[in-house]
Amino acid sequence: MNEIPKAYNPSEVEDKWYKYWLEQNIFHSEIDNSKEPYTIVIPPPNVTGILTLGHVLNNTIQDIYIRTKRMQGYNACWVPGTDHASIATESKVVRYLKEQGIDKYEIGREKFLDACWEWTNKYGGIIIQQLKKLGVSCDWERERFTLDEDYYRKVIETFVQLYKEGKIYRGEKIVNWDPASRSAISDEEVNYRESNGKLWYIKYPVKDSKEFIEVATTRPETMLGDTGIAVNPKDERYKNLIGKFAILPLVDREIPIFSDWHVESEFGTGAVKVTPAHDPNDYVMGVEHNLEMINIFNEDASTNHNVPEEFQGLDRYVVREKAISRLKEQGYLVKEENYTNKVGYSERGGVPIEPYLSEQWFLKMEEISKPALDVVRNGEVNFHPDHWKKTYDHWMTNIKDWCISRQLWWGHRIPVWYCDDCRKEPIVSVDAPTKCPNCNSKNLRQDEDVLDTWTSSWLWAYDVFKTEEEKQYYYPTDLLVTAPDIIFFWVARMIIAGMHFRKEIPFKDVYFTSVLRDMQGRKMSKTLGNSPDPIEVINKYGADALRFTIIYSAPLGQDVLFSEDKCEFGRNFANKIWNAGRFLLMNAQTIKIDKSLADKHLDFADNWINSRFNKTLRDLINALDTFDINGSTKIIYSFIWNDFCDWYIELSKSRLYADNEEIKSAVLTRSIMMFENLLKIAHPFMPFLTEELWQAIEERKPGESISTSKYPEVNESLINEAAEKEMDFVQDIINGIRNIRGEANIPPSKALDVFIKIENLSEYQIEYIKKLAKLNSISFSSIIQQPKQSASSVVKGIEIYVSLEGIIDLDLERKRLTKEIERLEGSLAGIRKKLSNENFVKNAAKEVVEKERQKETDWVSNINKLKDILNNLN
RNA sequence: GGGGGCUUAGCUCAGUUGGUUUAGAGCAUCUGCCUUACAAGCAGAGGGUCGGAGGUUCGACUCCUUCAGCCCCCACCA
């Protein structure tokens with residue numbers, strides 16, 4: 001290695017090492033009973049999705065744990081895969097076909113599914129390739145897809161099992177209907193958005209009277225399906241009307257006026273038009289009061305034949321306009337007001353949902369969710385940050401039955417068959433029945449619907465493993481890392497499934513990642529175009545830089561504001577490590593590496609860095625254990641940059657440039673060994689750079705990798721307070737001199753002469769101070785007098801004089817000293833105030849008081865010395 | 001209407017169970033440097049009465065109450 005580029009170039013090394021890791025099969029895990037498993041299952045991205053910064057954050061965190069545990073000797077297994085994402089994928093394919101002039105319903109189920117598979121095969125590999133660019137160490141041999149044949153079967157088996165347990169039923173209910181994909185969706189798939197609408201006041205004539213009853217509505221078009229009017233039982237205004245009938249304008253239907261506690265007298269007019277087929281609340285009232293349920297919409301939310309002819313076949317919003325203008329013409333519209341309310345949108349379809357009465361399959365949740373609630377409450381499953389526990393608890397205790405059928409084709413088809421001949425009980429079976437068990441008819445028809453995507457992903461934590469042996473070994477998994485927005489969709493349901501089907505928790509810890517926002521705090525989204533493409537960022541800054549930056553800026557439980565140029569931070573850090581390596585390796589070309597000298601010629605700098613490293617390692621492991629992953633990056637950063645680069649390497653230079661070959665070898669060998677340690681602890685965060693440097697340090701055996709090297713262990717005996725104290729002292733002296741130099745703008749090329757009033761300084765201390773403070777000479781003795789034309793500093797009671805003959809600005813120096821004296825006097829005043837407070841002396845801990853007393857004497861001494869210096873300045 | 005989170009330097013954020021002088025880092029700013037690892041760098045400096053008010057305490061960025069602002073989640077006000 002003769003020429004090492006000055007700057008780290010990630011694009012030259014990343015692909016090379018990823019390929020190497022795959023070739024060496026480093027990420028693959030097999031059952032090994034001699035090792036403890038450490039398992040993570042990936043939150044499977046949508047099969048045709050592309051990588052977002054959210055994925056980057058979440059997969060980097062998983063990779064950090066997997067890589068750390070792998071190096072620590074665990075059998076680390078990270079199972080990757082993708083989700084067929086029923087509705088998301090299907091709507092993409094529908095849109096694509098539409099652009100080609102092809103209609104889903106015209107080509108039919110089979111051809112449509114062919115198109116979906118084609119689409120999946122075309123785009124399905126993209127996100128996987130992108131994840132590899134990020135450097136994640138998934139076991140790709142275990143890659144799974146929720147529509148894999150055997151996985152598909154598991155989903156079906158689960159349905160059948162639940163059906164047999166009596167947990168699944170079919171029923172007609174109001175569901176959230178997505179008119180764009182013409183399917184039911186679950187409550188969780190509806191997003192509510194503020195919308196500026198109107199509140200229309202409409203009067204309905206009361207039958208056999210001249211009176212009117214006035215109602216208010218945000219959705220006048222639904223009046224075509226009105227079958228009642230409700231008022232609060234206590235509302236005096238309407239008491240006389242209860243039991244009478246109103247005549248529905250435009251339709252001419254007689255509808256009953258009744259009372260119901262759901263109605264709030266204060267809102268609107270206090271009278272509510274009731275449309276049981278198109279409003280969940282009205283539905284409840286409809287059932288209680290035996291109202292007619294008139295469905296006025298087709299599946300695409302256009303009006304059907306249940307409305308008067310002039311309104312038929314129109315889009316719901318067209319009907320709204322038309323209804324209003326008719327009402328106006330006929331004098332029924334009283335007034336309209338601006339009104340802000342929340343409108344539910346389909347998460348995938350992006351259009352307002354329509355509450356819609358239809359026949360669907362439901363899963364009873366109450367009973368099966370109980371054990372899942374317990375394990376979170378009692379801490380078998382831990383959330384990080386743990387305040388999500390509350391959210392979880394609230395949802396779980398108010399859980400509703402889950403609508404699991406979707407009027408879609410891309411997914412797991414519901415394993416239910418109906419006999420067209422006897423029309424008895426539906427046949428529920430994993431394998432297709434050949435004949436009806438009741439009448440032997442072969443006229444069987446399978447349910448057209450598929451299952452909600454999440455009925456496949458809730459099995460993910462264990463059914464990604466194919467055999468029972470593997471499930472026994474790898475399950476429960478250790479950690480789940482996911483975005484908090486799928487806590488109900490996925491996390492809760494996985495815990496439910498784990499507890500119900502395997503009687504075991506699916507994972508011990510759940511880490512909820514930050515939500516990524518742009519620098520204005522807006523959520524990153526495709527439509528805003530404010531989300532940088534991670535691959536472009538990787539190409540520009542490097543995968544390691546992106547990984548480190550995003551983790552460094554993502555504190556647990558808080559949103560993170562991110563922009564591409566923040567990655568300069570990570571890039572600079574990578575470059576810093578690169579150059580530290582470059583320095584060591586360049587020296588290794590001329591200085592012999594000799595591991596037998598590793599413990600020879602130790603001085604306090606060596607003891608200090610060992611001490612710092614072991615403390616750092618201890619802190620780092622603790623941070624990872626407590627899921628303070630953001631903190632862990634800070635620990636690594638400051639050790640590498642400040643301790644190792646700024647001080648240790650700089651200190652080692654004076655010994656590396658001396659002429660004792662053995663000392664040179666000892667120092668360089670040690671430095672490189674320390675560097676290797678630091679590469680190891682940084683590796684899970686920045687895998688590519690660290691592998692590149694680790695491989696460059698020495699000739700490695702074929703197949704060796706830092707990924708499988710042994711993670712350092714804390715050696716408490718190397719934690720050395722004396723060495724840290726000594727280092728502290730030397731650093732203070734150097735900083736004092738540097739401050740004088742900086743303040744006086746003396747260029748580093750001008751070597752200074754320094755006098756220190758101290759009895760003794762070791763040879764190393766002298767060398768280090770000279771080197772780092774750029775001194776020409778250093779004189780010390782306990783009787784040194786303040787030289788003329790010198791600047792001064794008092795460090796830990798020790799006077800330091802920097803001779804500045806001919807260049808000193810006495811005014812400036814006086815100012816500097818005065819400022820320092822004022823600073824100390826300020827602090828002293830604070831301490832004295834404390835100490836003169838009897839209660840403090842009486843109540844505070846003895847050590848604290850003692851510390852303050854010590855400070856007082858120290859500061860008084862420093863101040864006096866500085867005052868003398870100031871007085872004698874000439 | 002409930003629940004949760006946030007508010008510390010111009011910007012983005014640290015600050016562990018309340019007690020090392022005058023609260024830290026990175027970026028940005030200013031000054032001096034191409035010092036043979038790194039200008040993506042080195043050295044130095046300036047910059048914050050920790051959102052407001054009150055309280056607990058010998059002592060509060062840290063604990064409590066309250067107010068204000070911002071953000072999320074949940075909930076059947078048509």
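Here is the naming used below: chain letters follow the sequence lines, and residue numbers restart at 1 for every chain.
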Sugar-phosphate, base or nothing in reach of A:Trp641, heavy atoms under 4.0 Å: sugar-phosphate

When we call it a touch if two heavy atoms are under 4.0 Å apart, what does A:Arg219 touch: a base, just sugar-phosphate, or nothing? nothing

So A:Phe267, base contact, sugar-phosphate only, or nothing? Heavy-atom distance under 4.0 Å. base

For a quick check of understanding: with a heavy-atom distance under 4.0 Å over all strands, which category does A:Asn735 fall into, base, sugar-phosphate or nothing? sugar-phosphate

Counting only Watson-Crick pairs (N1-N3 plus N6-O4 or O6-N4) and G-U wobbles (N1-O2, O6-N3), all under 3.5 Å, who is the partner of B:C6? B:G69

Considering every strand and a 4.0 Å limit on heavy-atom distances, what is the contact class for A:Tyr339: base, sugar-phosphate, or nothing? sugar-phosphate

If pairing requires Watson-Crick or G-U wobble contacts with both distances under 3.5 Å, which nucleotide is the partner of B:C61? none

Tell me what A:Ile649 touches on the nucleic acid: a base, only sugar-phosphate, or nothing, going by heavy atoms under 4.0 Å. base

Quickly work out the A:Lys173 NZ to B:C76 P distance and round it to whole Å. 13 Å

Heavy atoms under 4.0 Å, any strand shown: does A:Lys774 hit a base, just sugar-phosphate, or nothing? base

Does A:Tyr657 reach a base, just sugar-phosphate, or nothing at all? Heavy atoms under 4.0 Å. sugar-phosphate

Protein-nucleotide distance (A:Asn398, atom CG; B:A75, atom P), rounded to Å: 9 Å

Are the charged groups of A:Lys664 and A:Asp659 less than 4.0 angstrom apart, N to O? no

For A:Asn341 and B:A75, what is the distance between atoms CG and P respectively, to the nearest whole Å? 16 Å

Can you tell whether the side chains of A:Arg219 and A:Glu354 come within less than 4.0 Å, N to carboxylate O? yes

Using a heavy-atom cut-off of under 4.0 Å over every strand shown, decide if A:Asp646 touches base, sugar-phosphate, or nothing. sugar-phosphate

Do A:Thr391 and A:Lys389 have a side chain donor and acceptor closer than 3.5 Å? no

N-O pairing of A:Lys855 and A:Glu852 below 4.0 Å: yes

State plainly whether the residues A:Lys198 and A:Glu337 are in salt-bridge range, i.e. N to O under 4.0 Å. no

